[in-house]
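Notes for the one structure printed next.
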Amino acid sequence: MNLETIKSELEAAVPGCRLELVANPSPSGQHSLRIDAAHAVAVAVCLRDAPGLRFDLCSNVTGIDWPGKQTTEKVKLRKLVDGTQQEVEELRTTTTPGSLEVVYHLFSIEKKHGPIVLRMSTQDRDANAHLPSLTPVWRSAELQEREIFDLFGVVFDGHPDLRRLLMWDEFVDHPMRRDYVGPDDYEYEPTAHDEVLRRANQHLSEAAAKLPSEAVGNQQSETDGNRLSEGGGR
Amino acid sequence: MITDASPAAQPELEPLSETSEEQLLEIAMGPQHPSTHGVFRMNVVLDGEHVVRLKPVFGYLHRNHEKIAESETYLGSMPYTDRLDYMCPITNNWAYALAVEKLAGIQVPERAEYLRVIVGELTRLQNHACLIGFLMQDMGSSGTPLMYAFREREKILDLFESLTGARMMCNYMRFGGCRVDMPAGWLEQAQNVVREFPRFLDEYENLLVSNEILMERTQGVGVLSKELAINAGMSGPMARASGVNYDIRKVDKYSIYERFAFRVPLGAHGDVYDRYMIRFLEMRESLKILNEAMRDIPAGPIVDPKMRIRGFRPKPGEAYGRIESPKGELGFYLISNGSLNPYRYRVRPPSLINLTVLEDLCIGQNVADVVAILGSVDIVLGEVDR
Amino acid sequence: MDEKLKNELSRQGIFTTSLQELYNWGRTSSLWPLNFGLACCAIEMIATTMARYDMARFGAEVFRPSPRQADLMIVAGTVTKKMAPQVVRLYNQMPEPKYVISMGACAISGGPFKQGYNVLKGIDRYIPVDIYIPGCPPRPEALLDAFMELQKRIDRQQLTGADRPRHLNADEPSEFPVPRFGAHDLEPANNPNVWKAPLVQISQTGTSQTVLPQAGTDESRNN
Ligand code: SF4
C-alpha cells in the first residue's frame, strides 16, 4: 500500500493532524509516517477502522533514544575591542535537545498488507518525555509500552497500567538510553569492545589502588604491560 | 474517543460470590514454580478456587540482549539470538538473518533457502512436541508424554549436532545463507527421522487426544475470542486456535514457502484444547513441507559469494523482518547508522506479547487451570524477558 | 579398621563399615535436586533427566519443587539481578547438608551476557558453589560428570576434624544474607564472606592470568 495515499486519506479523516513522511534509504523500503502526539490516538483509530486500511494488528512497538548533540563551530564576529572594531573568532556551542522516539509497526490481518511504520517523538528526554498511549486502540501495545517506559523512560499518558516491566520497582535508571552507565560490577572482561575495555582498565587501576602496598608495587611495575591493548581481539 | 477505541475489551465479569476484599487470598506463583516454564511469576488473587485477578511479573530473566547487541557487530549478535527462545534457536537465527538481509538487500541462494526451511521446520517439530509434553506435565501427567517428546527431540538434536556442531545453540544462519552445508549422509538421516515421525505422532495422539481427563481439563478453559486475539496482537498457534487465519509463511511468503503445499490449521473455540490440537496439526503440516523440501533441494552454493563477513556495514536505514517462528511472529527491528554495530536492535518477542491476554484468559477459572492456560500459551522466558 | 581384615571379613560374608562411610554412602546415592530452572541450561538439565541420559541411574531423578525437600541446587542458567535474591532465599530454605552445582557459563560468571546491567556475574558472589560446569550450555554428559564428581566429594567428607563439612560445624553459617534491590544495583553487590574479587594480571599479548583469592569458608568446605 502506498504511504502517500494513506497519508492523504488520514489527513482527510483527521482534520488538523500533522503527518510527515520519513524516507528510509535502506533497501528494505519500509518508509514511515511521523504523527504528532496531539492527534495520535485519532490517527490510530482511523488506521485501524477505516475500511480501506484496517490495520488491526499492531505488531511491534519499540523505543529509540536520540540523545542531544553538542556541536561546536567557529563564528566570526565584529566586536569592539579596545575601542576599535575588530574581527574576533569565537567558539559557539549549540546544543540540540535529544528526543525519545516510539515506533509502531502495523499490519492488517484482514487485508493481509503491511507493514506501515508510525513514529512519534517526545519533546525532550527528561521532563517532557510524554506521549499518548495507543494501548486503548491496540491491546498488543500494553506490555510493549510498559517496557519502553521501563527501559527508555517515555511516559505514556492514558496507559491503563504503567509500571516497570522488566526491572524492579526501586530501580531509577532507564538502561536502554544511550548515556546509561551500568554498575561497575565486573572484574575483567575478555571481550574486546572499546567501551568494555575502557571500563575493565579503569576497574583494574581502581583495584590496584586498593591493594596493600607490596602487591601494589608488584602490580604497578607492570602497569603498562597490564593494560589490554585497545582494539585488539577481533 | 478512547472508550469507543477498544471494541475488544472484555465484558465486565459478574462477581463470583459475595466475597469481600479482605477474604481474597493473594499468592505469588513463581518465580520458582515447577510449571511456570522458567522464572515467570504471576500474582494471583483468589476467591476460594477462582481467580479474581492475575498480574504477571516479568523480568526475572532480563538479560539485556538488546543493549548488548548495540555494542556488538551485526554478526556478533547471531549467537545471542540462539539464546532468546532457547527451545528453537534456529528460527531465531533465521528471523535475525532475514531482518539483516532486508536491511542490507542481500539475496539468499536457492540451496540455502531449502536448508533453512528444513532446519526451521525440524525446529518446529521439536518445539511443538515438547510443548505438548510440558503442558501435560503441568496438568499432572508427570513423565510419560514429556519423555516421549524428549525422545523425539533427541533425534532431531542429533541432526542439528551433526549439521552445525551444537545440540542446542546452533548459530547456523549467516547473512545471505547458512554457515555450513550438510555433511555426507545427513539428508538420508534426516529423511529417516522425518519418516519415523508420524509413527510417534500417532502414538502421541492415541495417548492424549481422546483422553477423558485431558478433555475435561482443557475444553472450554481459557477461551480467547477472535476479536481480542487480533486486538491484543496474538500470533502463531495462539491466534490460529482462535480462528485468526494469519500465518506469516503464507502472508509474507518469505523465503520459499510459496513452493510448498501446506495448510494452515485453524481452531474453532480458542480454548486450551484447541491450542493444543493446533500443534498436532501443525506438526503434520510441517512434515509435508519437510518431505517436499528434502525431495527438491537443489545443489549449489549455500551463501551469497559477494557477502562480506568482516567489516559488514549496512547503509544507514532501518528494516523490520519477521518470520513465523513456532511461538508466533518473531520480528527483528534494526536501525543502522552505517557503522559496524546496529544503532538500535529490537526483538519483537511473540512469547511476551502472547501473554498480554493472560489475565483475561484466567479470570474466573480455577487456580489449577492457570497452569494449563499458561502452558498452552507456549512461552519461553528467554524470549519473554530477553 | 585395617583394609586387609575388612576384605577378609567381607569374603566370609561379614560386612563391616564405619558410620562415616554409611552416612556418606546414604547421602551420595540419593541426592535430590531442586526443581529449579533459570534459562537455556535448564533445558539441558531436563534433557539429562529424560530417557536418553537418565539421571535416575545416580539416584537423582526426584526433582523436588520445594527447597525444603531438596539437598542439591543446580543453578542452571543466567542469574539476573532481579532473580538473585530469590536464588539466595531458596538456598537458605534448603536444609543442610546442601550442595550447589553452578551449571553453565552464565551461572559461573554471567557468561555471554556478562556485559548486561541486569546480569549477576556469577552466583558464587552470594552463595558458596561446590561444582562449576563450564559450557554454554554444558552437555548432559557434563552435568552427569559434575554429578559424579559431587558424589565423590561427598564420599570423601570427614565427619570429624577441622575440615569437616559445613553442616557439622556449628560455627559455619548455613544461611547467607539476601541482597536487596537498590536504586542502581543490588545491595550489597556481593557477599565478601563468600566471594573475593579475583586479581587479574593482563599482559600485552592478551593472555591473562587470574589469581583467585579463595574465601576462607569455601576452601574448607570443598575438601
Ligand atoms: S550458559 Fe549459555 S546456555 Fe546456559 S543459560 Fe547461559 S546463555 Fe544459556
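Computed over heavy atoms, backbone and side chain alike; hydrogens, waters and symmetry mates excluded. Chain identifiers are assigned alphabetically (A, B, ...) following the order of the sequence lines, protein sequences preceding nucleic acid strands; residue numbering begins at 1 within each chain.
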Heavy-atom contact with chain B under 4.5 Å, split by part of A/Ser108: backbone
Cation over ring face, A/Arg178 and B/Tyr343, 6.0 Å, 45°: yes
Closest contact, heavy atoms only, B/Ile353 versus A/Ser140: CG2-CB, 4.3 Å
Chain B contact via A/Asp65 - side chain, backbone, both or neither, heavy atoms under 4.5 Å: backbone
Region of A/Val61 that comes under 4.5 Å of a non-hydrogen atom in chain B: backbone
Interatomic distance, B/Phe58 atom CZ to A/Leu165 atom CG [nearest 0.5 angstrom]: 5.5 Å
Interchain contact, B/Val244 with chain A, by part (heavy-atom threshold 4.5 Å): side chain
B/Lys67 and A/Arg177, any side-chain heavy atoms less than 4.5 Å apart: no
Closest non-hydrogen atom pair, A/Lys112 against B/Asn245: NZ-O, 3.1 Å
Toward chain A, the part of B/Lys55 with a non-hydrogen atom under 4.5 Å: side chain
Other residues, nucleotides, ligands: >12 heavy atoms within 6.0 Å of B/Gln107 CD: no
Proximity breakdown for B/Glu70 and chain A, heavy-atom pairs closer than 4.5 Å: side chain
More than 12 heavy atoms of other groups within 6.0 Å of A/Arg163 CZ: yes
For the student: nearest non-hydrogen atoms of B/Gly233 and A/Leu57, plus distance: CA-CD1, 3.5 Å
Proximal component of A/Glu110, with respect to chain B [non-hydrogen, under 4.5 Å]: neither
Between B/Tyr320 and A/Ser59, a side-chain donor and acceptor under 3.5 Å: yes
Partner residues of B/Asp252 under the side chain to side chain donor-acceptor pair (under 3.5 Å) criterion, sequence neighbours left out: B/Arg322
From CG (A/Leu151) to CZ (B/Arg386), nearest 0.5 Å: 8.0 Å
Minimum heavy-atom distance B/Pro316-A/Pro25, with the two atoms named: O-CG, 3.2 Å
Residue B/Leu61 versus chain A: region with a heavy atom under 4.5 Å: neither
salt_bridge(A/Arg139, B/Glu227) N-O dist < 4.0 Å: no
Trace of the side-chain contact (heavy atoms from CB on, under 4.5 Å) decision for A/Glu147 with B/Leu352: CA-CA 11 Å; A/Glu147 182 182 322; B/Leu352 173 74; 3.8 Å; yes
Among the listed options B/Lys250, B/Glu66, B/Glu101, the residue most often paired with chain A at heavy-atom distances under 4.5 Å: B/Glu66
A/Ile64 and B/Tyr333: CA distance, side-chain angles, deciding distance, side-chain contact (heavy atoms from CB on, under 4.5 Å) verdict: CA-CA 11 Å; A/Ile64 308 163; B/Tyr333 174 59; 4.0 Å; yes
Toward chain B, the part of A/Arg164 with a non-hydrogen atom under 4.5 Å: neither
Contacting moiety of B/Tyr60, where chain A heavy atoms sit under 4.5 Å: neither
Contact class of B/Ala104 relative to chain A, heavy atoms under 4.5 angstrom: backbone
Distance (rounded to the nearest 0.5 Å) between B/Arg344 CZ and A/Met176 CE: 4.0 Å
Point-to-point distance, once rounded to the nearest 0.5 Å, from CZ of A/Arg146 to OG1 of B/Thr356: 10.5 Å
Heavy-atom pair with the smallest gap, counting every atom of B/Asn231 and A/Val137: ND2-O, 3.0 Å
Side chain, backbone, both or neither of B/Glu329 within contact of chain A (heavy atoms, under 4.5 Å): side chain
Gap between atom OG1 of A/Thr62 and atom CZ of B/Arg348 - 0.5 Å precision: 12.0 Å
A/Ile109 side, atom CD1; B/Met234 side, atom CE - distance, nearest 0.5 Å: 10.0 Å
Contact origin within A/Glu142 toward chain B - heavy atom pairs under 4.5 Å: side chain
Heavy-atom contact with chain B under 4.5 Å, split by part of A/Asp56: both
Closest approach of B/Lys102 to A/Ser26 (non-hydrogen atoms, all atoms of both residues): O-OG, 4.2 Å
